Protein chains: 2
Amino acid sequence: MDISHTEENYLKAIFKISERDGKPASTNAISTEMETTAASVTDMVKRLSDKTLIHYERYRGVTLTGQGEQIATHLIRKHRLWEVFLVDKLHFSWDEVHEIAEQLEHIKSQSLVERLDEYLGFPKFDPHGDPIPDSNGNFAVRKQILLSELKPGERGEVVGVQDHTTAFLQYLDRMELALGTQVEVLEYFEYDESMRVLANNGREQVLSKKVCQNLFIQKH
Amino acid sequence: MDISHTEENYLKAIFKISERDGKPASTNAISTEMETTAASVTDMVKRLSDKTLIHYERYRGVTLTGQGEQIATHLIRKHRLWEVFLVDKLHFSWDEVHEIAEQLEHIKSQSLVERLDEYLGFPKFDPHGDPIPDSNGNFAVRKQILLSELKPGERGEVVGVQDHTTAFLQYLDRMELALGTQVEVLEYFEYDESMRVLANNGREQVLSKKVCQNLFIQKH
DNA sequence: AAATAATTTTAAGCCAACCTAAAATAGTAT
DNA sequence: ATACTATTTTAGGTTGGCTTAAAATTATTT
């Protein structure tokens with residue numbers, strides 16, 4: 001059985017949505033994620049169901065079958081490995097790689113993925129700090145919290161971003177808040193829920209609520 | 001205007017055929033190359049003509065327009081650069097890379113190609129000795145001849161293959177006739193048009209007519 | 001519980017890319 | 001020039017993935 005580029009993208013969307021919402025993916029949620037209409041989704045969902053890649057009952061939303069989930073996690077694995085390649089080897093910046101990886105993730109070759117993984121040194125996280133699943137679809141877990149959850153006096157390391165937009169990533173570049181940066185919360189302002197933060201590069205700056213709620217920190 | 005994966009493959013096929021035959025690509029030739037029917041080709045050829053990617057007149061065969069040729073050579077450029085990547089960086093053997101590169105060549109990102117080129121050290125030839133066009137579509141030319149054209153006593157360097165099949169490439173591996181091997185023709189047998197050849201690795205062996213007609217040599 | 005709103009599905013149809021079978025054209029041989 | 005053959009095109013139809021508009025179902029409000 002072969003599966004199209006488009007079908008793969010639907011599976012990935014369904015995976016993403018059910019992970020985020022912790023429940024079956026609704027037709028509407030999928031149509032939003034895929035930037036298409038609800039009718040198109042219903043259409044596709046029937047096909048994916050015929051191929052036993054998802055469980056589907058009318059009006060009930062969809063979940064991935066084992067098979068479907070395997071395809072989805074493998075896509076994510078490929079996407080994130082390629083992102084590492086683009087950043088580490090080709091020196092793209094972390095805000096430029098998503099679209100290209102979106103294409104590269106559809107390349108079909110088992111040995112390619114495994115060799116790429118090895119070539120990159122078996123990375124466990126991509127350039128945005130997102131975990132790279134192993135070939136069985138298992139994600140590394142990390143006890144990370146949002147910077148906004150840190151109390152004054154507490155310290156941690158920047159390990160990931162929740163918001164993947166170019167705007168946010170470029171903002172972080174400007175603020176020199178790369179992954180791996182050690183930070184300490186100096187002060188919390190109730191007024192606008194911002195924080196004064198000291199980074200290990202010596203920079204001390206105030207970060208907005210929005211920024212704090214989009215930065216993942218590993219506490220220590 | 002955007003162009004599909006399939007359309008790109010047609011353009012590449014047309015380029016290849018007109019290069020090989022030195023005349024417009026016939027519907028039948030294209031259908032053979034694309035492993036499809038003549039009717040499908042006629043269908044597609046009309047669309048490509050509407051997009052001004054080819055010149056087409058019924059029953060007259062097709063040729064690429066400037067635009068079409070640019071797309072075709074750019075595909076070949078990407079294909080061959082990716083082959084170099086797969087062999088040089090991921091250590092695939094030269095008989096394993098074609099299919100994967102066939103997919104990778106469709107990745108759309110100008111900066112990706114240029115960075116890859118740089119990363120690979122601006123290679124001029126791919127792992128099979130085929131020239132890699134520059135970003136303007138210009139191919140390096142090399143005065144190469146077939147081994148079968150060499151006379152006893154003459155020497156040269158193995159620089160490419162005409163036959164790209166796995167069988168031939170693996171045969172060359174066994175015979176230790178990699179690209180770059182220096183060879184000298186010791187003896188020619190009229191009986192079966194085979195040759196006794198001495199390689200710079202000290203190996204002396206008899207190569208069949210078929211082998212000699214599929215190995216490109218740069219004479220010296 | 002009934003009415004209203006939101007979501008989802010169905011219906012009907014479009015386009016790209018394919019197919020088979022039949023018709024048209026071109027090329028070749030007599 | 002005619003007949004035959006090979007090639008190419010047309011005609012008509014399929015499938016995947018998409019659309020809009022209408023109908024059906026579910027969820028929410030009163």
Side-chain angles (χ1 to χ4, degrees), chain A residues 1-14 17-18 20-64 68 71-72 75 102-103 105-106 108, chain B residues 1-14 17-18 20-64 68 71-72 75 102-103 105-106 108:
Chain A
M1 188 239 305
D2 69 354
I3 175 162
S4 75
H5 191 111
T6 308
E7 288 169 325
E8 287 188 337
N9 285 335
Y10 270 93
L11 294 175
K12 200 165 51 116
I14 294 163
I17 293 163
S18 11
R20 163 164 52 78
D21 301 350
K23 59 179 179 187
S26 71
T27 301
N28 255 5
I30 299 170
S31 73
T32 301
E33 182 68 29
M34 294 294 296
E35 297 184 314
T36 184
T37 62
S40 302
V41 173
T42 301
D43 202 51
M44 174 59 87
V45 137
K46 284 176 187 165
R47 274 192 298 266
L48 293 174
S49 183
D50 290 345
K51 293 191 177 183
T52 70
L53 296 171
I54 61 174
H55 298 292
Y56 169 58
E57 264 179 289
R58 335 210 290 317
Y59 298 104
R60 292 277 112 89
V62 305
T63 55
L64 296 176
I71 293 170
L75 278 171
E102 205 71 8
Q103 299 177 59
E105 72 189 3
H106 296 289
K108 282 170 181 55
Chain B
M1 188 236 311
D2 70 354
I3 174 161
S4 75
H5 190 109
T6 308
E7 288 170 324
E8 288 189 334
N9 285 335
Y10 271 92
L11 294 177
K12 199 167 49 118
I14 293 164
I17 293 162
S18 11
R20 165 165 50 77
D21 302 349
K23 59 178 178 189
S26 71
T27 301
N28 255 5
I30 299 170
S31 73
T32 302
E33 182 67 29
M34 293 295 295
E35 296 182 317
T36 183
T37 62
S40 301
V41 172
T42 302
D43 203 48
M44 173 60 88
V45 137
K46 284 176 189 165
R47 274 193 298 268
L48 292 175
S49 183
D50 290 345
K51 293 190 176 184
T52 69
L53 297 170
I54 61 175
H55 298 292
Y56 169 59
E57 264 179 288
R58 345 211 282 318
Y59 297 105
R60 293 273 116 87
V62 304
T63 55
L64 296 176
I71 293 170
L75 277 171
E102 206 71 8
Q103 299 177 61
E105 72 188 6
H106 296 288
K108 282 170 181 53

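Keep in mind that this is a model prediction, so the values were computed, not measured. In the text below, chain A, chain B and the rest are named by the order of the sequence lines, each starting its count at 1.
Note on the helix from C:dA1-D:dT30 to C:dT30-D:dA1: terminal axis deviation equals 0°, with five pairs used at each end and the result rounded to 10°.
Scored by the ring pair (Phe, Tyr, Trp, His ring centres under 6.0 Å) test, B:His55 finds no partners at all (sequence neighbours excluded). Shown here are the salt bridge (charged side-chain N to carboxylate O under 4.0 Å, His left out) partners of B:Asp21, two or more places apart in sequence or in another chain: there are none. Annotation: side chain to side chain contact (heavy atoms under 4.5 Å, CB included) contacts of A:Ser4 (sequence neighbours excluded): A:Thr6, A:Glu7. Contacts of B:Thr37 classified as side-chain hydrogen bond (donor to acceptor under 3.5 Å, both in side chains), with partners at least two apart in sequence or in another chain: B:Ser40. The side chain to side chain contact (heavy atoms under 4.5 Å, CB included) check on A:Ser49 picks up A:Ile54, A:Tyr56, with sequence neighbours excluded.
Near-neighbour residues of DNA chain C inside residues 3-11 of chain A, defined by a heavy atom below 4.0 Å, are absent. Using a 4.0 Å cutoff on non-hydrogen atoms, the parts of residues 46-60 of chain B near DNA chain C are B:Arg47, B:Tyr59, B:Arg60, ordered by number. Taking every heavy atom of residues 31-42 of chain A and every atom of DNA chain D, pairs under 4.0 Å involve A:Thr36, A:Thr37, A:Ala39, A:Ser40, by number.
Chain B approaches DNA chain D within less than 4.0 angstrom (heavy atoms of the protein), and the contacting nucleotides run 5' to 3' from D:dT7 to D:dT10. Using a 4.0 Å cutoff to heavy atoms of chain A, the contacted part of DNA chain C runs 5' to 3' from C:dT7 to C:dT10.
Shortest non-hydrogen contact noted between B:Ala38 and B:Ser31 is N-CB, 3.8 Å. Residues A:Lys108 and B:Gln103 share a closest heavy-atom pair of N-OE1, 2.6 Å. Looking at every heavy atom in both residues, A:Arg60 comes nearest to A:Pro24 through O-CB, 4.0 Å. Scanning both residues, B:Leu11 and B:Gly68, for their nearest heavy atoms gives CD1-O, 4.3 Å. Contact record, B:Ile3 with B:Glu8: CG1-CG, 4.0 Å, taken as the closest heavy-atom pair. In terms of heavy atoms, A:Ala25 sits closest to A:Ile17 at CB-CG2, 3.7 Å.
Of the listed residues (B:Asn9, B:Val41, B:Leu53, B:Val62), just one forms a side chain to side chain contact (heavy atoms under 4.5 Å, CB included) with B:Ile14, and that residue is B:Val62.
Here the side chain of A:Thr36 pairs no donor or acceptor atom with the backbone of A:Thr32 at under 3.5 angstrom. For B:Lys12 (side chain) and B:Ile71 (main-chain N/O), no donor-acceptor pair under 3.5 Å exists by modelled atom type.
Atom CZ of A:Arg20 has more than 12 neighbouring heavy atoms from other residues, nucleotides or ligands inside a 6.0 Å radius.
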Q.
With salt bridge (charged side-chain N to carboxylate O under 4.0 Å, His left out) as the criterion, how do B:Lys46 and B:Asp50 come out once you've worked through the C-alpha distance, each side chain's angles and the decisive distance to 0.1 Å?
A. CA-CA 6 Å; B:Lys46 284 176 189 165; B:Asp50 290 345; over 6 Å; no
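Within the structure, the salt bridge (charged side-chain N to carboxylate O under 4.0 Å, His left out) test picks out the following pairs touching residues 26-42 of chain A (sequence neighbours left out): A:Lys16-A:Glu33.
Among the protein residues, A:Asp43 comes within range of the nucleic acid bases, having at least one heavy atom under 4.0 Å from a base atom.
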